[in-house]
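All values below come from the heavy atoms of this structure, side chains included, with hydrogens, waters and symmetry mates left out. FYI, the numbering just counts along the sequence from 1.
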Amino acid sequence: MQICCPLCRLLARRAQVPSQLVRYLSDSQPPFCIQRLDPLVLTVRNLDKTINFYTKVLGREATTFKVLIPLLKLPSVRREGGRKALSFGMQKINLHEAGKEFEPKAAVPSPGSADPCLITETPLSTVVQHLRACGVPVEEGPVSRPGAVGEIISVYMRDPEQNLIEVTIAVCQTQRHLFQTTLSSISLLWKISSLERKSALVT
């Protein structure tokens, strides 16, 4: 695919992104820039099971928060409390209980219809071992996928609501971990060799 926009070419060079992954810019740009998702909303049937899964399996922090809702024609607000969320880093997932969704909401809120991708820097071998220890089957993976800024390696699982959850690591992170592991192995072999030489001199 030919990159026709100079800005796209610049971004591709800086991020070392394959040209087929670079998106075309629209001819008409809005006067604002979208930076990230926060929050994402999941509609679930069982709040407790969902919170238990995301905290114990995925290491999220469960939080309860309140929302200030302006009251029409009154100089005051009403606090809507007891809402549940799953926080991680600078982002979070808000939880809506099916049939008791908060307004505004999606036109057709449906449990089990989400497919989020979660980025990690932890080797996927460690992730898979943890999933097995938690009794969570791997739906697919590790497999290679095209990410927003390059190749990623992913494993898939399902949460209690049957949402498909993807945990992924960038290939560069995988290569860095492999390099660090190799370097540590070389260092260990060097230390063993040094100890063997010293032992030989003593004897």
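The minimum heavy-atom distance between Leu164 and Glu139, with the atom names listed, is CD1-CG, 4.2 Å. Smallest separation of non-hydrogen atoms from Gln91 and Asp38: CA-OD1, 3.8 Å. Listed here is the closest heavy atom pair of Leu40 and Pro116: CD2-CB, 4.2 Å. Closest non-hydrogen pair, Pro109 versus Glu101, comes out as CG-OE2, 3.7 Å. Between Lys92 and Ala85 the shortest heavy-atom distance is CD-CB, 4.1 Å.
Within a 6.0 Å radius of NZ in Lys105, other residues, nucleotides and ligands contribute more than 12 heavy atoms. Within 6.0 Å of atom CZ in Arg145, more than 12 heavy atoms from other residues, nucleotides or ligands are found, so the atom counts as buried in its surroundings.
Between Phe53 and Met157 there is a side-chain heavy-atom pair separated by less than 4.5 Å. A heavy-atom distance below 4.5 Å is found between the side chains of Thr43 and Pro111.
For Glu61, there are no salt bridge (charged side-chain N to carboxylate O under 4.0 Å, His left out) partners, not counting sequence neighbours.
Of the inter-residue distances, the one linking Leu118 atom CG with Ile93 atom CD1 reads 6.5 Å to the nearest 0.5 angstrom. Atoms CG and CZ, on Asp115 and Arg158 in that order, are 8.0 Å from each other to the nearest 0.5 Å. Rounding to the nearest 0.5 Å places CG of Leu42 at 7.5 Å from CG of Leu86. Note that the CZ atom of Phe102 and the NE2 atom of His96 stand 6.0 Å from one another [nearest 0.5 Å]. For the atom pair OG of Ser87 and CZ of Phe65, the computed distance is 9.0 Å after rounding to the nearest 0.5 Å.
A salt bridge links Arg45 to Glu161: at least one charged side-chain nitrogen sits closer than 4.0 Å to a carboxylate oxygen. A salt bridge does not link Glu97 with Arg83: every distance from a Lys NZ or Arg NE/NH1/NH2 to an Asp or Glu carboxylate oxygen is 4.0 Å or more.
Side-chain atoms of Thr50 come within 3.5 Å of backbone atoms of Asn46 as a donor-acceptor pair (strictly under, hydrogens ignored). Using a distance-only test at 3.5 Å, with no hydrogens or angles considered, a donor-acceptor pair links the side chain of Asn163 to the main chain of Ser113. Using a distance-only test at 3.5 Å, with no hydrogens or angles considered, no donor-acceptor pair links the side chain of Asn94 to the main chain of Val41.
Looking at Lys84 and Thr64, their side chains do bring a donor and an acceptor atom within 3.5 Å of each other.
When the side chains of ILVMFWY residues are joined at heavy-atom separations under 4.5 Å, either directly or via intervening members, Ile119 and Ile153 end up in two distinct hydrophobic clusters. Tracing side-chain contacts under 4.5 Å through hydrophobic residues (I, L, V, M, F, W, Y), one never reaches Val155 starting from Ile152; they form parts of separate clusters.
Tyr156 pairs in a side chain to side chain contact (heavy atoms under 4.5 Å, CB included) with only one of the listed residues (Thr168, Val167, Val143, Ile165), which is Val143.
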